[in-house]
Enquirer: 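Please read through the structure below; I'll follow up with questions.
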2 protein chains.
Amino acid sequence: MGPMDTPRLDAIDRRILRALHHNARLTNAELAEQVGLSPSPCWTRVKRLEQAGLIQGYVAILDQAQLGLPDTVIIEVMMERHDEESLKRFEAAVTEMPEVIEAWLVTGEYDYVIKAAVGGTAGYERLLREKLYRLPGVRHTRTSFTLRCLKQSWTPSP
Amino acid sequence: MGPMDTPRLDAIDRRILRALHHNARLTNAELAEQVGLSPSPCWTRVKRLEQAGLIQGYVAILDQAQLGLPDTVIIEVMMERHDEESLKRFEAAVTEMPEVIEAWLVTGEYDYVIKAAVGGTAGYERLLREKLYRLPGVRHTRTSFTLRCLKQSWTPSP
DNA sequence: GATGAAAACTTTATAAG
DNA sequence: CTTATAAAGTTTTCATC
């Protein structure tokens, strides 16, 4: 089930990836038709792509506004101390927060970039004051509120 | 098919969302078992959640390294001019770039935040010099290379 | 909400061209 | 690769408790 050595991708593989990236619930028959193959080789290719780890999984995309968290914020975090201990604790805590959608260790002026879903400025303030700033080692943060999403993909276009 | 008025979510709805957020290819029978319902009411709820727009879609998650774009960068962009015309052209161009995974209009010092997948520093330089800086109206950018992903979700945890 | 049943379709495997 | 076959499982609808 883990990643194996990278297979070369031909045009049909790319069409399969694009189709499933767009709709993960296509049936094999529908997919085969879309990519111009008969069902049986199509099925073989999908299994090969899954086993090669190229397809990592299938997820449902939910509406975060209807889940009560309509606003997306991007928070950059600068740490005071950079010892293993502080960073590990910070990372573990951030990973556990349900409003955190994405978190990266990055190069540059700041140490981490976090994308979170919150309910307005009140929800943001709560996240910042009650959660992030209570974690030891946080020196400074800098936040951008998102106003509009221009593009949201879940992987680069195949 | 579009979003309707928000239904209240009970505990079972949340379990359905969590399960499908984790694996969008569960069969209705498997899902029903996981959430403690028999298949037919489970199926009715899923359809209701889809029609309410709470489930926006189902996507396959692909391995960007195997697609030839192993590195993720976060690029903040400051514009020179903020007239409708310049912004529209910029947004249209960014949206079309296959390496751009996500792009937001934001508040704060910069105007846009873009997440892109590139092949190393060479791929990044190409994106910046051959694509982003050729767009009219771009004054300045500031990039963080990501070193490690701590968390990657596709919506906040239900 | 649960259950059960039936028809249409899907998955998965295999065989043969 | 294609077409064809077949068994097992799944979806979807509908009737009934």
Side-chain angles (χ1 to χ4, degrees), chain A residues 1-63 66-68 154-155 157-158, chain B residues 1-63 66-68 154-155 157-158:
Chain A
M1 220 192 220
M4 302 169 76
D5 58 340
T6 309
R8 292 130 204 68
L9 298 174
D10 67 12
I12 294 176
D13 289 327
R14 278 171 214 281
R15 265 181 268 155
I16 289 173
L17 295 175
R18 200 177 312 121
L20 290 175
H21 186 227
H22 183 250
N23 179 5
R25 299 211 81 165
L26 286 173
T27 65
N28 184 57
E30 290 165 332
L31 179 62
E33 209 206 326
Q34 277 194 29
V35 305
L37 223 54
S38 60
S40 72
C42 182
W43 188 83
T44 315
R45 280 168 184 261
V46 171
K47 292 299 137 190
R48 185 167 49 69
L49 293 168
E50 284 173 357
Q51 266 158 43
L54 232 135
I55 296 173
Q56 301 196 312
Y58 302 94
V59 307
I61 301 302
L62 311 179
D63 180 344
Q66 288 196 61
L67 290 171
W154 288 274
T155 10
S157 324
Chain B
M1 217 191 224
M4 303 169 75
D5 56 341
T6 310
R8 293 125 203 71
L9 298 175
D10 67 12
I12 295 177
D13 289 327
R14 277 169 215 281
R15 265 182 267 155
I16 290 174
L17 295 175
R18 201 177 310 122
L20 290 175
H21 186 227
H22 184 250
N23 179 5
R25 298 212 81 163
L26 286 174
T27 64
N28 184 56
E30 289 165 333
L31 179 62
E33 209 206 326
Q34 277 193 29
V35 304
L37 226 53
S38 61
S40 75
C42 182
W43 189 82
T44 315
R45 280 167 183 261
V46 171
K47 292 299 138 188
R48 185 167 49 69
L49 293 168
E50 285 173 357
Q51 265 156 44
L54 232 136
I55 296 174
Q56 301 197 311
Y58 302 94
V59 307
I61 300 302
L62 311 179
D63 179 345
Q66 288 196 59
L67 290 170
W154 287 275
T155 9
S157 326

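A, B, ... follow the sequence lines: proteins, then strands. Residue 1 opens every chain.
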Enquirer: Just to be sure I understand the rule, does B:Arg45 reach a base, reach only the sugar-phosphate, or reach nothing, if contact means heavy atoms closer than 4.0 Å?
Expert: sugar-phosphate
Enquirer: Rounding to an integer number of Å, can you tell me how far A:Glu33 CD sits from C:dC9 P?
Expert: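 The answer, rounded to whole Å, is 14 Å.
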Enquirer: Given side chains that start at C-beta, do those of A:Arg15 and A:Ile12 come closer than 4.5 Å, heavy atoms only?
Expert: yes
Enquirer: Over how many whole Å does the gap from A:Lys47 atom NZ to C:dA13 atom P extend?
Expert: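 It is 9 Å, rounded to the nearest whole Å.
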Enquirer: Would you say the side-chain atoms of A:Gln66 pair up with the backbone N or O of B:Ala52, donor to acceptor, closer than 3.5 Å?
Expert: yes
Enquirer: Please determine if B:Asp10 and B:Arg45 form a salt bridge, counting it only when a charged side-chain N lies under 4.0 Å from a carboxylate O.
Expert: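 The answer is yes: the pair qualifies as a salt bridge.
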Enquirer: Rounded off to whole Å, could you give me the CG-to-P distance for the B:Asp13 and C:dG1 pair?
Expert: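 Interatomic distance, CG of B:Asp13 to P of C:dG1: 9 Å.
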Enquirer: Can you measure B:Leu37 atom CG to C:dG4 atom C1' for me and round it to whole angstrom units?
Expert: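 About 16 Å, once rounded to whole Å.
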Enquirer: Could you check whether any side-chain heavy atom of B:Tyr58 comes within less than 4.5 Å of a side-chain heavy atom of A:Tyr58, counting everything from C-beta outward?
Expert: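 Result no, sub-4.5 Å side-chain heavy-atom pair not found.
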Enquirer: Quick check: on DNA chain C, is the nucleotide nearest B:Asp10 upstream (toward 5') of the one nearest A:Thr27, or the reverse? Name the residue that is more 5'.
Expert: B:Asp10
Enquirer: If you take atom types as modelled and just measure distance, does the side chain of B:Ser40 reach the base of C:dT3 with a donor-acceptor pair under 3.5 Å?
Expert: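 Pair found.
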Enquirer: Picking from D:dT3, D:dC14, C:dT12, which would you name as closest to the side chain of A:Ser38?
Expert: D:dT3
Enquirer: Could you state the CG-C1' distance from B:Asn28 to C:dT10, rounded to the nearest angstrom?
Expert: 14 Å
Enquirer: Between A:Gly36 and B:Pro39, just flag the one whose closest nucleotide in DNA chain D comes earlier from the 5' side.
Expert: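 Looking at DNA chain D, the more 5' nearest nucleotide goes with A:Gly36.
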Enquirer: Distance check needed: D:dT11 C1' versus B:Glu50 CD, whole Å only.
Expert: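 The answer, rounded to whole Å, is 13 Å.
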Enquirer: Within this structure, what is the CZ-to-C1' distance between B:Arg25 and C:dT12, rounded to whole angstrom?
Expert: 13 Å
Enquirer: Checking contacts here: which listed nucleotide (D:dT11, C:dT12, D:dT12) is nearest the side-chain heavy atoms of B:Trp43?
Expert: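 Closest nucleotide among those given: D:dT12.
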Enquirer: Quickly work out the A:Glu30 CD to C:dC9 C1' distance and round it to whole Å.
Expert: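 The answer, rounded to whole Å, is 11 Å.
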Enquirer: Within the distance-only criterion (no hydrogens, no angle test), does the side chain of B:Glu30 pair as donor or acceptor with the backbone N or O of B:Thr27 below 3.5 angstrom?
Expert: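 Between the backbone of B:Thr27 and the side chain of B:Glu30 there is a qualifying donor-acceptor contact (under 3.5 Å).
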